[in-house]
**Student:** 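Sharing a structure below in structure tokens format, with a few things to ask.
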Amino acid sequence: MTNAEIAAALDELGVLYQLDGAVKYRALAYGTAAKAIRESPVSVADLAAAGRATEVPGVGKTLAEKIDALLETGEIPAAVKLKAKFPPTLVEVTRVPGVGPKTARRLFDELGVTNLEDLKAAAEGKRIRALKGLGPKAEENVLAGLERLGDPSESSGRVLLSMARPIAEELARTLREHPAADRVEVAGSVRRWAETCKDIDLIATAEEPTALAEHFVASPLIAAAGTPGPNGVRAQTHNGISVDLRIVAPDAFGNLLQHFTGSQAHNVQLREQAVGRGLSVSEHGITEVESGEVERCADEAAVYERLGYAYIVPELREGRGELKAAREEGLPKLVALEDIRGDLHSHTTLSDGRNTLEEMAAAGHDRGYAYMAITDHSASHGFGDHVTTERLWERIAEVEAWNEGSDGDFRLLAGSEINIGLDGALDYPDEAVEALNWVVASVHTSFAISEKEMTARVLAAIENPLVDCIGHLTGRLIGRREPYGIDIEAVAEAAARTGTMLEINGNPNRRDLSEHHARLAAQAGATIVLNTDAHGVDTLNNMAYAVATARRAWLSADQVANTKSWQDFGKLRKR
DNA sequence: GCCGTTTTCGGCCCGACTGTTTTCAGTCG
């Protein structure tokens with residue numbers, strides 16, 4: 001059973017408890033545990049089998065027992081019991097925007113609503129207004145909510161960071177160019193470099209806030225907007241991303257920026273801990289509860305300082321232990337883009353890239369790198385993009401020739417991204433692989449095999465003395481293709497033991513290792529490499545996404561091999 | 001149901017918005 005399936009079962013049980021009128025914190029506990037299980041880098045089913053389920057934050061003794069029952073019998077007894085009381089389809093009713101568990105329960109008790117069809121009929125038949133506290137407007141909202149639920153374009157509602165980020169930056173630039181603008185910052189998940197974004201948050205201070213908001217909605221990127229006012233405006237871009245501009249007095253800019261940078265989990269923990277110290281934190285300021293005195297912060301750093309924390313960079317604000325670390329001076333010094341000295345995964349026109357070897361090499365050199373590996377696809381890649389063994393030998397000679405004509409500060413590496421076959425073998429003869437300066441091994445075929453088979457397949461590549469690095473370990477495409485099943489702990493252990501490096505692929509569709517897997521792998525002692533997998537000179541810029549993923553995984557520069565000089569890098573290699 | 005620089009019991013973020021109400025409950029982020 002996957003983490004997602006376990007999480008879904010617990011989410012469902014949480015809603016059932018809410019319908020049953022349980023104390024809200026109890027239901028809440030199921031939601032937070034489900035989220036942690038979904039994010040767990042290791043299989044929670046495996047953890048549970050080993051009696052270690054309570055290692056997942058938010059999972060205690062009771063929830064661990066329920067997970068055990070779920071894994072053994074496919075059901076949780078408490079859920080079975082509640083499903084006898086409420087139709088399971090009532091859970092779907094609570095997912096309609098604007099309809100929560102309280103409303104769903106009353107619709108069930110008083111109107112006999114058991115599913116989405118009943119709900120629609122009740123709204124259309126104007127029967128909801130008969131309930132105390134609900135009126136005609138509630139019926140309209142239900143119907144609108146049902147529309148939104150059925151709209152596939154809104155089903156996930158999240159876009160890739162690489163889609164949102166350039167828009168957010170362009171909108172921030174638009175705001176900054178206006179004379180009324182004082183300070184402008186992008187907040188929210190874009191600022192935290194999350195994988196995906198639900199919307200774009202912009203925070204500003206301004207001399208004439210309404211004038212700034214009016215200027216903002218006139219941007220060619222904005223398709224529709226509400227009424228610009230002194231507090232900002234809500235708008236939508238042409239590609240359907242919601243944008244929230246909030247304008248605030250300069251003395252509370254830090255409070256607002258902190259609040260809207262989130263994450264929600266980070267803010268909840270921050271505020272809970274503040275309550276314990278007699279302080280109440282909101283986007284408006286920090287209130288000393290006893291005296292009622294409110295302190296506003298013009299700068300975000302002052303918010304953290306006032307609450308007794310070292311400054312926490314946005315990438316770490318996910319409620320994964322950063323507050324405790326910030327209190328105990330235990331925050332890592334995170335790797336930064338400026339630390340990166342080379343890129344070790346790139347493609348050229350030899351396989352499926354868009355630029356030639358010369359163009360890619362020049363672009364790497366111009367970025368100030370000390371080294372760069374050209375790693376085109378291997379012999380069995382297919383789609384006409386394969387590179388035969390004969391052509392690979394020629395490529396090695398081409399790279400050597402290029403280096404002879406170069407200034408020596410920059411070294412081009414002859415490499416390959418070699419397919420890992422179903423049996424774990426590479427698709428070039430060993431003597432050709434040995435002649436390469438750098439070998440990335442990746443899975444590109446047969447994703448649908450079992451976790452056990454996939455793990456054995458990748459472990460075989462890790463144990464191969466000629467393999468330097470494993471590319472995009474789980475094969476996921478964010479929002480489009482689930483990662484294939486693989487035992488991350490076993491891979492991390494083998495990588496650490498053999499000196500095989502694990503890549504964080506910076507393609508914003510992949511970001512693979514994920515931040516969760518990367519953190520686990522580094523903790524296990526594996527060496528991480530940040531690569532772009534660039535298929536053209538433009539996508540060499542994707543190093544920023546690899547670095548962001550590493551930062552969100554708490555990695556420091558010394559855990560990342562390509563922050564080293566090529567000489568020091570060599571000391572980390574197994575061959 | 002979870003959890004601990006205040007706690008093994010008694011707490012559990014905070015505010016905006018909405019729609020329905022004459023003061024607030026429910027929902028959302």
Side-chain angles (χ1 to χ4, degrees), chain A residues 10-11 13-37 53-67 76 78 93-107 128-142 144-145 148 157-158 187-189 197-201 226 231-232 234 242 244 246 248 252 255-256 258-287 289 294 307-309 319 323-324 326-328 330:
Chain A
L10 294 181
D11 268 331
L13 180 53
V15 175
L16 286 166
Y17 274 131
Q18 282 183 301
L19 288 169
D20 199 34
V23 185
K24 68 172 174 177
Y25 299 108
R26 188 172 169 203
L28 209 63
Y30 282 83
T32 48
K35 186 167 185 284
I37 288 167
T54 54
E55 286 177 23
V56 179
V59 176
K61 197 163 159 269
T62 308
L63 270 160
E65 281 169 11
K66 291 189 165 152
I67 293 169
I76 303 173
V93 173
T94 68
R95 304 210 204 287
V96 177
V99 179
K102 301 275 186 191
T103 310
R105 174 65 192 270
R106 293 191 51 210
L107 290 166
I128 291 178
R129 65 185 65 182
L131 271 59
K132 192 166 154 49
L134 297 175
K137 196 76 192 170
E139 288 163 355
E140 278 176 40
N141 288 343
V142 161
R148 283 174 58 192
R158 300 190 73 91
S189 46
C197 306
K198 194 170 196 291
D199 55 16
I200 293 171
D201 291 298
N231 298 320
R234 251 189 108 71
S242 295
D244 217 347
R246 286 173 199 264
V248 67
N255 301 102
L256 199 75
Q258 193 284 324
H259 173 78
F260 279 101
T261 297
S263 66
Q264 174 132 328
H266 174 82
N267 283 352
V268 167
Q269 291 178 15
L270 181 86
R271 291 165 180 202
E272 276 176 357
Q273 295 187 16
V275 168
R277 293 191 289 277
L279 299 169
S280 174
V281 179
S282 82
E283 61 266 48
H284 307 297
I286 301 170
T287 308
V289 176
V294 181
L307 296 171
Y309 301 103
L323 288 166
K324 187 170 189 289
R327 185 161 287 281
E328 296 165 358

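Numbered from 1 within each chain, the chains take letters A, B, ... in sequence-line order. Keep in mind that this is a model prediction, so the values were computed, not measured.
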**Student:** Rounded to whole angstrom, note down the C1' distance from B:dC13 over to B:dT21.
**Tutor:**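 B:dC13 and B:dT21 have their C1' atoms separated by 26 Å.
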
**Student:** What is the distance from atom NE2 of A:H259 to atom CG of A:D201, rounded to the nearest 0.5 Å?
**Tutor:**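 Nearest 0.5 Å value for the NE2-CG distance: 9.0 Å.
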
**Student:** For a quick test of reading the model: is some side-chain N or O of A:T62 closer than 4.0 Å to OP1 or OP2 of B:dC2?
**Tutor:** yes

**Student:** Report yes if at least one side-chain N or O of A:Y30 is closer than 4.0 Å to OP1 or OP2 of B:dG1; otherwise report no.
**Tutor:** yes

**Student:** Using the C1' atom as the point on both nucleotides, what is the distance between B:dC17 and B:dT23, in whole Å?
**Tutor:** 16 Å

**Student:** Look for any protein N or O under 3.5 Å of an N or O in nucleotides 4-8 of chain B and output each such pair with its distance, or none.
**Tutor:**
none

**Student:** Please name all residues satisfying salt bridge (charged side-chain N to carboxylate O under 4.0 Å, His left out) with A:E139, sequence neighbours left out, ordered by chain then number.
**Tutor:** A:R129

**Student:** Rounding to an integer number of angstrom, what distance separates B:dG4 and B:dT8 when you compare their C1' atoms?
**Tutor:** 8 Å

**Student:** Given atom CG of A:L28 and atom C1' of B:dC14, what is their separation to the nearest angstrom?
**Tutor:**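 Between C1' of B:dC14 and CG of A:L28: 14 Å.
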
**Student:** Using whole Å, report how far CG of A:L256 lies from P of B:dA16.
**Tutor:** 11 Å

**Student:** Considering only atom P, compute the distance from B:dT5 to B:dG1 and round it to an integer number of Å.
**Tutor:** 24 Å

**Student:** Taking the side chain as C-beta and beyond, is there a heavy-atom pair between A:Q258 and A:L270 under 4.5 Å?
**Tutor:**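 Yes, side chains in contact.
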
**Student:** To the nearest Å, give me how far apart CZ (A:R26) and C1' (B:dC3) are.
**Tutor:**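 For the pair A:R26 CZ and B:dC3 C1', the rounded distance is 17 Å.
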
**Student:** My understanding is that only residues two or more places apart in sequence, or in another chain, count here; which of them pass side-chain contact (heavy atoms from CB on, under 4.5 Å) with A:S242?
**Tutor:** A:D199, A:R234, A:Q236

**Student:** Do A:V248 and A:N255 come close enough that some side-chain heavy atom pair is under 4.5 Å?
**Tutor:** no

**Student:** Suppose we define a pair by two distances each less than 3.5 Å, Watson-Crick or G-U wobble; what does B:dC3 pair with here?
**Tutor:** B:dG10

**Student:** Could you go step by step and tell me if A:L63 and A:Y30 meet the side-chain contact (heavy atoms from CB on, under 4.5 Å) rule?
**Tutor:** CA-CA 8 Å; A:L63 270 160; A:Y30 282 83; 3.4 Å; yes

**Student:** Under the salt bridge (charged side-chain N to carboxylate O under 4.0 Å, His left out) rule, collect the residues that match up with A:R277, sequence neighbours excluded.
**Tutor:**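 Counting only residues at least two positions away or on another chain, A:R277 forms no salt bridge (charged side-chain N to carboxylate O under 4.0 Å, His left out).
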
**Student:** A:I37 has an atom CD1; how far is it from atom P of B:dC2, in whole Å?
**Tutor:**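 Value for this atom pair: 11 Å.
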
**Student:** For A:A187 and A:T261, work out which heavy atoms get closest and say how close.
**Tutor:** CB-OG1, 3.7 Å

**Student:** Which value, in whole Å, describes the distance between the P atoms of nucleotides B:dT20 and B:dC14?
**Tutor:**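 It comes out at 29 Å once rounded to the nearest Å.
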
**Student:** Compare all side-chain heavy atoms of A:L13 with those of A:K66 and state whether any distance is below 4.5 angstrom.
**Tutor:** yes

**Student:** What pairs of donor and acceptor atoms, side-chain ones from residues 99-106 of chain A against any protein atom, are under 3.5 angstrom apart with sequence neighbours left out?
**Tutor:**
from   : atom 1 : to     : atom 2 : distance (Å)
A:R105 : NE     : A:D109 : OD1    : 3.3
A:R105 : NE     : A:D109 : OD2    : 3.0
A:R105 : NH1    : A:L19  : O      : 2.8
A:R106 : NE     : A:E110 : OE2    : 3.2
A:R106 : NH1    : A:K132 : O      : 3.0
A:R106 : NH2    : A:K132 : O      : 3.0

**Student:** At 4.0 Å (heavy atoms only), tell me whether A:S280 reaches a base, stays on the sugar-phosphate, or touches nothing.
**Tutor:** sugar-phosphate

**Student:** Please report the distance, rounded to the nearest Å, between NE2 in A:H284 and C1' in B:dC14.
**Tutor:**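 It is 9 Å, rounded to the nearest whole Å.
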
**Student:** Which nucleotides of nucleotides 17-29 of chain B have their base under 4.0 Å from a protein heavy atom (B), which only their sugar-phosphate (S), and which neither (-), written as one string 5' to 3'?
**Tutor:** --SS-----SSSB

**Student:** Nearest whole angstrom, please: distance from the P of B:dG15 to the CD1 of A:I286.
**Tutor:**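 Taking CD1 of A:I286 and P of B:dG15, I get 13 Å after rounding.
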
**Student:** Please measure how far the P atom in B:dT18 lies from the corresponding atom in B:dG11, and state the result in whole Å.
**Tutor:** 34 Å

**Student:** If you assign A:G58 and A:V281 each to the DNA chain B nucleotide with the nearest heavy atom, which residue ends up on the more 5' nucleotide?
**Tutor:** A:G58

**Student:** Report the distance from atom CD of A:Q258 to atom C1' of B:dC13, rounded to the nearest whole Å.
**Tutor:** 12 Å

**Student:** When the distance from CD of A:E283 to P of B:dA16 is rounded to whole Å, what number comes out?
**Tutor:**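 Checked: the CD to P distance equals 6 Å.
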
